[in-house]
Structure formats: C-alpha cells, structure tokens
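To start, the structure itself, in structure tokens.
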Amino acid sequence: MRMGEGQRSPAYCTILALRNPRAWVWPRPCPASPLHDLLWSLIPSGANARYSVWHSEPSWPLLPCLSHPDSPAHPLPWGSPSAFWIDPTTDRLSFLLKVSKVVVLGDLYVGKTSLINRFCKDAFDRDYKATIGVDFEIERFQIAGIPYSLQIWDTAGQEKFKCIASAYYRGAQVIITAFDLADIQTLGHTRQWLAEAQRENEPGSSFVFLVGTKKDLLSGPACEQTEMDAVHLANEMQAEYWSVSAKTGREESSAASQEGASASSPGCC
Ligand SMILES: Nc1nc2c(ncn2[C@@H]2O[C@H](COP(=O)(O)OP(=O)(O)OP(=O)(O)O)[C@@H](O)[C@H]2O)c(=O)[nH]1
C-alpha cells in the first residue's frame with residue numbers, strides 16, 4: 001500500500017519529510033495504525049528489521065525516532081534500530097539494526113531507576129522518585145569497532161502502572177529482573193515479573209538477568225543466604241545472577257554471585 005500524493009495524514013507528512021531531509025518537519029502525535037500500516041508496507045520484504053521496529057509499539061516512542069538527529073527533542077539517537085530513513089539508492093526505507101532492547105522489571109523501590117542511572121550516567125540519587133509508567137535511556141558503545149545502542153526501558157514497579165509498563169515488554173532482547181537484597185519478599189516476586197515479560201516474547205528470545213540491588217546495605221550471613229537463594233532462583237529462571245550497589249557503583253563479588261555470573265558477562269554497576 002502506498003498512499004497517494006494528495007493524502008496528508010501525519011504519517012504521510014512524516015514520510016515526505018524523511019524523503020527530503022531539508023524539509024524536516026517534527027512529527028506530531030498521530031494514531032498508531034496509519035503510521036504502522038504505511039511503514040509496514042514500505043519495509044523491504046525479507047528485511048529482518050521488522051522485529052525490532054515493530055516491537056517498539058505502542059507507537060508513541062516510535063514517533064521521536066522520526067525526528068531529525070539535530071532536534072533537541074529527539075530521545076532516540078539517529079541510527080538506533082528503531083530509526084529508519086529512505087535509502088536514496090533504493091528509495092526504500094532502511095534500518096539500522098544494532099540496537100538491543102533491555103527491559104528492567106521488579107517491585108517498586110527495589111532500585112531499578114538507580115541501577116540504570118548508575119549504568120548510564122554514573123550517578124546516584126538517594127531521593128526516591130517513583131517511575132510513572134515507563135522511562136528509558138539510551139546507551140551507545142562500540143564492540144570491536146561496531147556501534148551498538150542499548151535501549152533501556154525502566155518500568156514502574158507500582159501495581160497501578162503495570163498495564164502501561166507491560167506494553168513495553170515486547171521485543172526485549174534482555175530482561176533484567178531486579179530485587180532488593182535487603183527485602184527478601186522482592187526476590188520471590190521476580191518470578192512473576194519474569195513470567196509476565198516472557199509472555200510477551202518468543203520463548204528463548206531474551207537473555208535474562210536476575211539482579212540483587214542495594215548490596216551496600218547488608219553483609220554477613222544474612223546477605224550470603226539471600227544471595228544463595230537468588231543464585232538458585234536464577235538457575236531455575238535460566239538467568240545470570242548479579243549482586244550490585246547503585247550507591248557505590250560496584251558489582252560486589254561474593255561466592256554466591258561469582259557462582260551465578262558467567263565468565264563472559266558484562267559488569268553492570
Ligand atoms: N543504599 C542504597 N540505596 C539505593 C540503591 N539503589 C537504590 N536505592 C534507593 O532506593 C530507593 C528506590 O530506588 P529507585 O531506583 O527509585 O527504585 P525503583 O525500583 O526504580 O522504584 P519504582 O520506580 O517505584 O519502581 C531510592 O531512594 C534510591 O536512592 C543502592 O544500591 N543502595
């Protein structure tokens with residue numbers, strides 16, 4: 001389906017803007033379906049970008065990626081897998097794919113936002129500000145000279161936001177389930193969080209991490225016991241286990257967490 005020149009839906013205007021970078025218009029919010037339909041119809045058949053792109057629904061977060069890289073408002077870097085442009089040689093939409101979507105889940109107050117802030121900004125805030133719905137950060141880096149972006153989705157732990165946050169689980173290459181090492185109940189709840197995220201994804205399509213937070217708050221036998229429990233649960237979940245402190249900024253090694261973490265795993269905090 002290609003829309004005719006006479007049609008001027010917001011999605012179509014966006015495509016026109018993409019075709020002519022000198023005439024960029026900042027996309028305005030528009031209903032998800034016209035944009036979805038139009039873009040879907042333009043994706044080259046066989047493009048393996050489909051998966052990433054269409055899992056960025058619901059589509060309001062898709063809209064900012066249509067804006068110009070120089071726009072101060074753009075929250076997604078140009079070149080993320082959710083970003084697309086018209087390839088002048090083929091006149092088709094093209095995609096950059098080197099993005100991984102990470103979702104961070106867990107009970108309220110376990111320290112999900114703090115974990116992300118430490119990772120992305122190397123900062124820690126002791127004041128609690130509950131996440132409303134979802135938030136996200138982009139972290140860009142290179143591995144062997146190849147640029148990658150991590151699209152990190154911070155979900156709210158509060159029950160009332162669950163239905164909003166769960167809409168963002170789809171297409172996650174990485175699922176991080178966080179619990180508070182100082183609050184053992186939150187460990188038990190990680191099973192449920194993971195089940196909900198996995199329900200939205202193909203079986204085996206996501207790497208799973210179980211992360212115990214606030215390691216600085218406890219030590220001694222109680223901590224070791226919690227970590228042992230966490231490692232066992234991580235094995236059940238087929239997850240990799242980490243104990244971390246966003247406050248100190250360190251992954252704190254312990255016998256239990258060493259046992260749970262694989263040698264190839266990247267340090268988080
Ligand atoms: N001591 C200590 N406190 C932490 C650590 N991580 C987070 N906190 C504190 O725990 C509180 C909750 O942290 P958040 O990161 O906002 O928790 P959250 O899981 O994102 O909470 P929701 O957005 O409600 O789901 C804040 O007051 C943080 O400062 C840590 O590693 N050590």
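None of these values were measured; they are calculated from a predicted model. All ligand and atom numbering here is 1-based and tracks the order in the structure.
Of all heavy-atom pairs between Y241 and L181, the closest is OH-CD2, 3.5 Å. The heavy-atom pair separating A246 from S114 by the smallest distance is CB-O, 3.6 Å.
Ordered by chain and residue number, the residues placing a heavy atom less than 4.0 Å from ligand 1 are D107, L108, Y109, V110, G111, K112, T113, S114, F124, D125, R126, D127, Y128, A130, T131, A156, G157, K214, D216, L217, S245, A246, K247.
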- Should D107 and T186 be marked as a side chain to side chain donor-acceptor pair (under 3.5 Å) after you check the CA-CA gap, both sets of side-chain angles, and the distance that decides it? CA-CA 6 Å; D107 286 359; T186 61; 5.2 Å; no
Criterion salt bridge (Lys or Arg N to Asp or Glu O under 4.0 Å) on E196 and R199, from CA distance to verdict: CA-CA 5 Å; E196 283 166 21; R199 205 174 300 143; 5.2 Å; no
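Atom CZ of F124 sits in a crowded spot, with more than 12 heavy atoms from other residues, nucleotides or ligands closer than 6.0 Å.
For the side chain to side chain donor-acceptor pair (under 3.5 Å) test, residues two or more places apart in sequence or in another chain that qualify with K129 are D125.
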